[in-house]
Structure formats: structure tokens, C-alpha cells
Amino acid sequence: MTKIRTRIAPSPTGDPHVGTAYIALFNTVFAKSQGGEFILRIEDTDQARSTPESEQAILDSLKWLGLNWDEGPDVGGPHGPYRQSDRKEIYQQYTQQLIDNDHAFHCFCSAERLDEVREQQRANGEDIGYDGHCMSLTAEEVQQRLAAGEQSVVRMKVPEEGTCVIKDVLRGDVEIDWKQIDMQVLMKSDGLPTYHLASVVDDHLMEISHILRGEEWISSTPKQIALYQYFGWEPPVYVHLPLLRNADKSKLSKRKNPTSVTYYRELGILPEALVNFLGMMGWTMPNGEEIFTLEDMTQAFDVNRISLGGPVFDLEKLSWLNGKYLREMHTPEQLLQRLVDWKFNKEFATQLMPLAQTRAETLGDIAGLLSFFFQGNPPITAESFAGVKLEEDDLKRALQLVLWKLETQRHWEKDNIFADIKAVADHTGIKFRDLNAPIFIAITGSTASVSVMDAMAILGPDMTRGRLRHALTVLGGIGKKKLKSLEKDFRSMAEFLD
């Protein structure tokens, strides 16, 4: 019998997402329930956006939740390396094999030509995709163009007729017409693979038996099945899990809910409560019990009990569950220790004392000055911003641009935060002090407190961004049409700064 081996393969390009934790949880419990192994692999082929800080945050968040892996970049294993950026030669070898067997080809098309093709396809009401322009080049022509230094990518060939059948444990046979599948780029011009090639090669070489992932990958699965067929490999068993949803059933997004695991950790959510909550997303214990541990879930897990209905990431439910853990699973002494481990400790307090010391006149003042460090979102309303010297539209525009700018910041330090906000002030023509005032309120909940730049540096990126999103919400939010306009505004600012 084949040994059960599952994997999680996050991309280190942002904050550690609760969706990553959700997928990691189900991969963990499925593997462990079958006596198998769980592997962590880092998909960092997007070198422009991947950062060591993001990778470390992902590893830390999964460890905090107790989702430990048997093999990975930090623990090693017999199938390494476990970072795709370290496996470049492996992918190049298999890419050449596909070319040699006439399953892939060099494409020299420029971005401009590809844009023109897509525009023409849209105008004609055709399916959008590569038109096969370079597929008929002879081997001699290809070699001549490569020798001349022309840049190229490598694309896969796909069947022109028929249907791809995806065998999914939860959904049965899913059929997708091959005509809907584009000739995917497998190897980029920088010599690094795209997701589809790298994941297939890695999953095969790492002996992954089952792939549990989000249902958004169903439409691209035929590309991977084609690659398995081209290589002559047996594909893994697919289990496409339902996506986490907002209350309105839209895909979970940070615009409507905080999505970073680190945010919930800083908020004071217990790891066992968050694991319990994620385990309830589309799955139930056989006895219907709502309170269960990771070990309970592993022992009782049956993949066929997963429901395909869109699980709602309900913050009220998470808070209720966390409250149950605080009240019913802890003695007062244990609860005190959880507080100490969270933020009531010397290491964290030491960062705060210099801020309070410059403003406090009594010891009693310190608690009031620093209380916002121990909150979720400050208790602010639209009236909290009444004294700000900005019109409502300008205020929301400025806060949104600051939020987006801070979302691109991967080196979270006071000077970098200041520079980001200053960039928005310069772009909008708002005086720095006038822009700083609403940020101060959003972060501290007050018009007077300790240094907001220092506060943001200490609170960290997730809590800072979460509070800015909350401020925008209490101000009434920004409509979709206006948001699209602001996105263009932000891109123009980013291009200017670049």
C-alpha cells in the first residue's frame, strides 16, 4: 500500500494567510490519521515578491498552531531541497525532456504581441489564450534565435480536442474541455519555472500521494494532469476543499476580514481555538461536538465528511469559541500564564516603557497611555475623525493609499513606515501632520497618545493594517467604482516611486 504523503506549498510573498493554515490543517490531519507524513515546501519562484521575512512568518504561524511537518526547509529530509529556488537545475532538466519529446516548445513572442492577440480574441468573442504562433518553429530556427540571444519562455502543448477528466475524492469525475486550457508557460525567461511545472515535478519527486488544496485550483488541474501524462507518471489523488468565505459568501479577502494568522495571534486568539475554528470549516466531528483538539480531529478524521458548502469565516463564531477556551479550559493560574506568554511579559513591556515614560506623570497614567497595545480594534466611530483637517473623500483616499503602501512593506521598521506615509503625503499633496492625524486615531483610538510611528513599529504589520482597514470601515468604506479609481491612483504613485 502506498504511504500517504501530503504537502502544503505556500508562496512567501505576503502575510501568513488563514487560508494557508486551513489547507495545512486538513493536510496534516489527513496524513496523520492514515499514519502518513506531512511535508512543507516553499514555492518561491516569484523572486521579485518572495522574501525571507514572509517565509519565516509562515513557518512561525504554522508552528504556533501546532501544525508541524515531517520534512521541510528548516528540518530537512530525504527529498530536499525544499525551496523551489534551490531546485532550478531539476526543473530545467525536466523542461528539456518535455521539449525533446515534443510536449513543449520555446516561445519568443513579445509581451506586446501577446497583448495584441488577446485584444483581437476579445473583439472576436474567442477564448483568451496563446495562439500557437511559435509552436511550428523548427529546431534549427529555435537554436538560431537562442544563439542570437533572443529571450524566450517554454510553453506546454495541450490536446486540441477531447475532455480532461479530474478524479476528485469529494466531487467525483470533473470534466473540463481541453479547448479551455491555455498553452501554459512552464519555464520563464529568467530560467525559473512557473507553478504548474514546479509543483508537478516536486510532487512526483517528493512522492506526494494526495493533494488537498482549495477548489480554485480545479480549473488549472488539467495542465498538471497533462504534465503527468507527458512524463509517464501516476498523478496523485486530488481533494479540492471548499474555499473559505466571507459572510456574504464572497471569497475570503482582507478587504472584508483580517486574513493574517499573525493578526489573530496578536489579537489574543488562542492557537487551539483557531485550529478548532478552522477544523469546523466544512467538516464536523462524528458526534457533532463543536469543541475539539487537533488530536481529536486527527483521530476522528474522515475525508468524506468534508462538506462542499462554502464555509463562512465568521469572526463572531471565532470570538465565541475563543471565549469558551478561555473560560472553560483554563484555571486562573493557567489564564495568567497565557497572558504573560501573549503580551504581559518583560520583553514586550520593555519596548513600551520608553514611549510612556515621556508622557506619564503617575504610574496610573501608563495603563491609559498603553492600553491600545492590548486591544483588537480601538473603539472608534466616524465621529472620532471629526477634528481631522481633511474632507471625507480625501480622508478615505489617503487612508486607503497608506494601507496599500504599508501592505507592500516587507521590512517593518519605524523609518520605513515613516517613508511610506511620507510618500503618500507627497503624492496626495496633504501636509504630513494632517495625514498623520487620522492615522493616529486609527491606530491608537485617540487624538493624543504615544508616538504613532513607534506604536506601528511595535504593533507590527498585521495589527497596523487591520486597524487601518477598520478605520475605513467605520468611515463608511469605499465603493467598488471609487476603489478601482484609487487602484489606478496607487499604481501611478508606485510607478513614480520606482
Side-chain angles (χ1 to χ4, degrees), residues 9-13 41-50 83-122 126-139 141-143 145-160 164 166 176-205 211 213 216-231 233 235:
S11 176
T13 55
R41 182 174 73 226
I42 297 295
E43 297 194 343
D44 60 346
T45 55
D46 186 347
Q47 292 288 284
R49 297 174 60 228
S50 297
R83 289 187 187 88
Q84 288 186 337
S85 58
D86 296 329
R87 299 171 64 84
K88 186 175 179 179
E89 291 76 14
I90 297 173
Y91 306 130
Q92 291 173 340
Q93 169 195 336
Y94 283 101
T95 299
Q96 190 59 50
Q97 181 178 323
L98 290 171
I99 294 172
D100 293 343
N101 291 330
D102 199 29
H103 296 310
F105 59 95
H106 282 279
C107 172
F108 298 90
C109 292
S110 66
E112 290 75 19
R113 181 188 181 277
L114 295 174
D115 287 341
E116 290 175 6
V117 169
R118 293 187 193 100
E119 286 301 318
Q120 191 62 50
Q121 289 171 334
R122 289 191 187 95
E126 301 171 351
D127 291 334
I128 306 301
Y130 183 67
D131 63 352
H133 181 72
C134 294
M135 192 165 57
S136 59
L137 293 174
T138 66
E141 288 175 310
V142 170
Q143 290 307 314
R145 296 179 72 164
L146 291 175
E150 281 194 54
Q151 281 202 334
S152 72
V153 298
V154 176
R155 292 181 181 272
M156 70 181 291
K157 294 184 178 181
V158 295
E160 297 181 1
C164 176
I166 306 166
I176 297 179
D177 196 318
W178 280 114
K179 290 182 179 180
Q180 299 178 31
I181 306 305
D182 196 10
M183 297 182 196
Q184 175 71 43
V185 172
L186 300 178
M187 185 68 71
K188 296 177 288 186
S189 59
D190 63 2
L192 286 170
T194 61
Y195 166 82
H196 297 284
L197 175 69
S199 65
V200 166
V201 170
D202 288 347
D203 286 337
H204 174 73
L205 296 181
I211 293 180
R213 61 186 179 185
E216 73 269 29
W217 291 105
I218 292 175
S219 62
S220 60
T221 301
K223 301 174 186 178
Q224 293 150 35
I225 289 178
L227 288 173
Y228 278 105
Q229 292 173 347
Y230 294 160
F231 286 124
W233 299 337

| Taking NZ, NE, NH1 and NH2 as the nitrogens, is one of them in D202 or R87 under 4.0 Å from a carboxylate oxygen of the other? | yes
| note | Sequence neighbours excluded, the answer for side-chain contact (heavy atoms from CB on, under 4.5 Å) partners of Q47 is D44, S85, L192
| Hey, does the side chain of Q121 reach the backbone of G129 with a donor-acceptor pair shorter than 3.5 angstrom? | yes
| said: Does E141, at its CD atom, have more than 12 non-hydrogen atoms belonging to other residues, nucleotides or ligands within less than 6.0 Å? | reply: yes
| query | Can you name the ring-ring contact (aromatic ring centres under 6.0 Å, His included) partners of H106, sequence neighbours left out? | reply | none
| task | Would you name the heavy atoms of C134 and F108 that are closest together and state the gap between them? | result | SG-N, 3.3 Å
| note | Tightest non-hydrogen contact, residues C164 and I225, listed as SG-CD1, 3.8 Å
| query | Say you draw a straight line from CG of D131 to CD of Q120; how long is it, rounded to the nearest 0.5 Å? | reply | 11.0 Å
| By ring-ring contact (aromatic ring centres under 6.0 Å, His included) - contacts of F231 (at least two apart) | Y94, W233
| request: Go through the steps for V142 and I99 under the test side chain to side chain contact (heavy atoms under 4.5 Å, CB included), then give the verdict. | output: CA-CA 11 Å; V142 170; I99 294 172; over 6 Å; no
| field | Q93 CD to L98 CG distance, which is reported to the nearest 0.5 Å | value | 11.0 Å
| request: Find the distance between NZ (K88) and CD1 (I90) and round it off to the nearest 0.5 Å. | output: 13.0 Å
| task | Using atom types as modelled and distance alone, determine if a side-chain donor or acceptor of K188 lies under 3.5 Å from a backbone N or O of T45. | result | yes
| message | I'd like to know whether V200 forms a side chain to side chain contact (heavy atoms under 4.5 Å, CB included) with H204, so could you lay out the CA-CA distance, the side-chain angles of the two residues, the decisive distance to 0.1 Å, and finally the verdict. | response | CA-CA 6 Å; V200 166; H204 174 73; 5.6 Å; no
| query | Which atom names give the shortest non-hydrogen contact between S136 and H133, and what distance separates them? | reply | OG-O, 4.1 Å
| field | D177 (side chain) donor-acceptor with K179 (main chain) under 3.5 angstrom | value | yes
| field | NZ/NE/NH1/NH2 to OD/OE distance under 4.0 Å, E119 and R122 | value | yes
| Could you give the distance from CG (L186) to OG1 (T95), rounded to the nearest 0.5 Å? | 6.5 Å
| field | Interatomic spacing from OG in S199 to CD in Q84 - rounded to 0.5 Å | value | 7.5 Å
| request: State, with a plain yes or no, whether a side-chain heavy atom of R41 is found less than 4.5 Å away from one of D203. | output: yes
| field | Over all atoms of both residues, closest heavy-atom pair of S219 and I181 | value | O-CD1, 3.8 Å
| query | Taking R155 for the side chain and M183 for the main chain, is one N or O donor matched with an acceptor at less than 3.5 Å? | reply | yes
| task | Determine, stepwise, if the pair H196 / Q224 fulfils side chain to side chain contact (heavy atoms under 4.5 Å, CB included). | result | CA-CA 6 Å; H196 297 284; Q224 293 150 35; 3.0 Å; yes
| field | Heavy-atom donor-acceptor pair, D182 side chain to Y130 backbone, under 3.5 Å | value | yes
| task | Answer whether the closest heavy-atom distance between the side chains of V154 and C107 falls below 4.5 Å. | result | no
| field | Nearest-0.5 Å distance, CG of residue L197 to NZ of residue K223 | value | 13.0 Å
| task | Indicate whether any N or O donor in one side chain lies under 3.5 Å from an N or O acceptor in the other, for Y195 and D46. | result | no
| task | Show the numbers, then the answer: is there a side chain to side chain contact (heavy atoms under 4.5 Å, CB included) between L137 and R145? | result | CA-CA 10 Å; L137 293 174; R145 296 179 72 164; 3.9 Å; yes
| Heavy-atom donor-acceptor pair, Y91 side chain to V201 backbone, under 3.5 Å | no
